[in-house]
Amino acid sequence: MSVTISLKNAESFFSKTVYEQMSKKALESYRKLINKTGIGSEYTGWVNLPNELKDKELDAIKVTADEIKSMSSVLVVVGIGGSYLGARAALEFLKPVLCGRCKQDVEVLFAGNNLSSDYLSELLNNIKDKDFSINVISKSGTTTESAVAFRIFKNLLYKKYGEEEGRKRIVVTTDEKNGPLTKFAEKSGYRRFFIPSSVGGRYSVLSAVGLLPMAVSGIDIREVVKGAKDALGALHIEDIRNNAAILYAIARNSLYYSGKTTEIFGSFEPHTIFFAEWWKQLFGESEGKEYGGIFPASVTLTADLHSMGQYIQEGKRNIFETLVEIAAPENEMIIPFEKDDFDGLNYLAESKLSYINLQAMQAVSIAHLDGGVPIIKLSMPRADEYHFGYLVYFFEFACGISGYMQDVNPFNQPGVEDYKINMFALLGKKGYEEKANELKNRFY
């Protein structure tokens, strides 16, 4: 398996009885997911998605990516949540591998994930003298943040190139049948890619949602898909001992039911920062239901040892860590000898930096463990396209199982709609007048 799991530093924090109960529940949840018998099963199209991605679709994505690269130096990806986090996670995760190639590829920038006028102004100023294209990603087409950004960038595009040329520079990724964006894209003649109706946003990385921006940036999307396919093959088995995703779901829920309610995603590689952001949405939005669920947080080490390290070591003992180890760096560095040894580091001269990073990881793990923090360790060989695809599918699959273990629907997000309704009302959207009257006395 390309992702292996160690529970050595976690299993002492839960009882054998709890582990056995969670193991039984995990198998039941696995079967619900595989057989599509659990709640929300109409949104489990992602489970077999890697095997359903045909060469024809991947070829179409590659052709469109090449067309974008031929006429633009910048691609603006407009989307929020699952519509952008997966793609951004891929670009950040693979940067060490791709830095040499990216010089020839298109710069990918992200908009529509906030409502900051300063952010958008800076982005607009950045691209004003560059040739650019837009990939707007939204299933509904009505999410305020993305819709606002698309309107602004579309108007700039038309102003710069004219309407006919502007149309050629817009690609829409949306639902095939429903929503105003679908109808508008068809009417406007934009190139379109479709998100399967059975795949929710946070589970859509391995569709055109993530694959098109990846392809534009120079990532080999066939290797990404191959990694995901191999993960699917490795994880669709009921043998708990040989299924890392089931083991992960069992361990995190055993810790949860033993009082550990916050999970911290940790890595000693800074290029995992946005992968962790995607991971937080995946688990937070899937499990945070009915006033329960494990709260997902993240740290980047060793940097955050100098900010969050104190709390992890001696704060409230309701936390556990999931540590993602990437065994081999793409580029190695050697610590040089310093004649004056002014910093006292000559004892490390000629050492590999990856060796020092590994010792730091082991030292930190021992300290956290001694401080009462359980650690689930996930290990993978390298940070390349194949292993990115594998890791994405691993977490998606584990999340589906884990959500069912907590007796919630892992594939909806009813709480997300609450803020949207309030915002529509406060902004004066037609049809929300009654809600606006209800809220006006509560506005701060």
Can you say whether the rings of [X] and [Y] are parallel (under 30°), tilted (30 to 60°) or perpendicular (over 60°)?
{"X": "Phe132", "Y": "Phe153", "answer": "perpendicular"}
{"X": "Trp278", "Y": "Phe395", "answer": "perpendicular"}
{"X": "Phe397", "Y": "Tyr30", "answer": "perpendicular"}

Less than 4.5 Å apart, any side-chain heavy atom of [X] and any of [Y]?
{"X": "Ile335", "Y": "Ile356", "value": "yes"}
{"X": "Leu94", "Y": "Glu385", "value": "yes"}
{"X": "Leu211", "Y": "Leu53", "value": "yes"}
{"X": "Pro410", "Y": "Tyr404", "value": "yes"}
{"X": "Phe110", "Y": "Leu123", "value": "no"}
{"X": "Lys435", "Y": "Asn422", "value": "yes"}
{"X": "Glu325", "Y": "Leu358", "value": "yes"}
{"X": "Leu255", "Y": "Glu263", "value": "no"}

For [Y], is there any backbone N or O sitting under 3.5 Å from a side-chain donor or acceptor partner on [X]?
{"X": "Ser198", "Y": "Glu42", "value": "no"}
{"X": "Glu396", "Y": "Phe394", "value": "no"}
{"X": "Lys289", "Y": "Gly403", "value": "no"}
{"X": "Asp175", "Y": "Lys139", "value": "no"}
{"X": "Lys160", "Y": "Lys128", "value": "yes"}
{"X": "Ser188", "Y": "Phe184", "value": "yes"}
{"X": "Arg202", "Y": "Gly81", "value": "no"}
{"X": "Ser207", "Y": "Val209", "value": "yes"}
{"X": "Lys352", "Y": "Glu332", "value": "no"}
{"X": "Asn135", "Y": "Val77", "value": "no"}

Nearest atoms (heavy-atom pairs only) where [X] meets [Y]:
{"X": "Leu212", "Y": "Ala65", "value": "CD1-N, 4.0 Å"}
{"X": "Ile376", "Y": "Ala251", "value": "CD1-CB, 3.8 Å"}
{"X": "Leu75", "Y": "Pro213", "value": "CD2-CA, 4.4 Å"}
{"X": "Ser379", "Y": "Lys377", "value": "OG-CE, 3.7 Å"}
{"X": "Thr143", "Y": "Ser138", "value": "OG1-OG, 4.3 Å"}
{"X": "Leu232", "Y": "Pro50", "value": "CD1-CD, 4.0 Å"}

I need the [X] [atom1] to [Y] [atom2] distance, nearest 0.5 Å.
{"X": "Lys229", "Y": "Leu206", "atom1": "NZ", "atom2": "CG", "answer": "11.5 Å"}
{"X": "Ile294", "Y": "Asn253", "atom1": "CD1", "atom2": "CG", "answer": "5.0 Å"}
{"X": "Met361", "Y": "Leu323", "atom1": "CE", "atom2": "CG", "answer": "6.0 Å"}
{"X": "Leu348", "Y": "Asp343", "atom1": "CG", "atom2": "CG", "answer": "9.0 Å"}
{"X": "Leu109", "Y": "Ile134", "atom1": "CG", "atom2": "CD1", "answer": "12.0 Å"}
{"X": "Ile195", "Y": "Ile137", "atom1": "CD1", "atom2": "CD1", "answer": "7.5 Å"}

salt_bridge(Lys69, Asp66) N-O dist < 4.0 Å: yes
Under-4.0 Å salt bridge between Glu67 and Lys168: no
Pair Ser402, Arg252: side-chain N/O donor-acceptor within cut-off below 3.5 Å: yes
Distance-only side-chain donor-acceptor flag, Lys130 / Ser73, under 3.5 Å: no
Over 12 foreign heavy atoms within 6.0 Å of [atom1], [X]:
{"X": "Tyr43", "atom1": "OH", "answer": "no"}
{"X": "Lys420", "atom1": "NZ", "answer": "yes"}
{"X": "Lys62", "atom1": "NZ", "answer": "no"}
{"X": "Met71", "atom1": "CE", "answer": "yes"}
{"X": "Glu164", "atom1": "CD", "answer": "no"}
{"X": "Tyr119", "atom1": "OH", "answer": "yes"}
{"X": "Gln362", "atom1": "CD", "answer": "yes"}
{"X": "Lys183", "atom1": "NZ", "answer": "no"}

CA sep, side-chain torsions, deciding dist, call: Trp279, Phe283, ring pair (Phe, Tyr, Trp, His ring centres under 6.0 Å): CA-CA 6 Å; Trp279 174 88; Phe283 280 91; 5.6 Å; yes
Stepwise side chain to side chain contact (heavy atoms under 4.5 Å, CB included) test for His387 and Asp384: CA-CA 5 Å; His387 290 94; Asp384 57 14; 2.7 Å; yes
Salt bridge (Lys or Arg N to Asp or Glu O under 4.0 Å) between Glu277 and Lys280, intermediate numbers included: CA-CA 5 Å; Glu277 293 301 309; Lys280 286 192 285 188; 2.9 Å; yes
Candidate pair Val47 and Tyr393, rule side chain to side chain contact (heavy atoms under 4.5 Å, CB included), full reasoning: CA-CA 8 Å; Val47 173; Tyr393 190 84; 3.8 Å; yes
CA sep, side-chain torsions, deciding dist, call: Asp220, Tyr386, side-chain hydrogen bond (donor to acceptor under 3.5 Å, both in side chains): CA-CA 9 Å; Asp220 185 343; Tyr386 175 88; over 6 Å; no
CA sep, side-chain torsions, deciding dist, call: Asn243, Leu247, side chain to side chain contact (heavy atoms under 4.5 Å, CB included): CA-CA 6 Å; Asn243 191 320; Leu247 281 173; 6.0 Å; no
Audit row: Ser286, Tyr203, side-chain hydrogen bond (donor to acceptor under 3.5 Å, both in side chains) steps and yes/no: CA-CA 10 Å; Ser286 296; Tyr203 292 89; 3.1 Å; yes
His368 and Ile319: CA distance, side-chain angles, deciding distance, side chain to side chain contact (heavy atoms under 4.5 Å, CB included) verdict: CA-CA 11 Å; His368 288 180; Ile319 60 178; over 6 Å; no
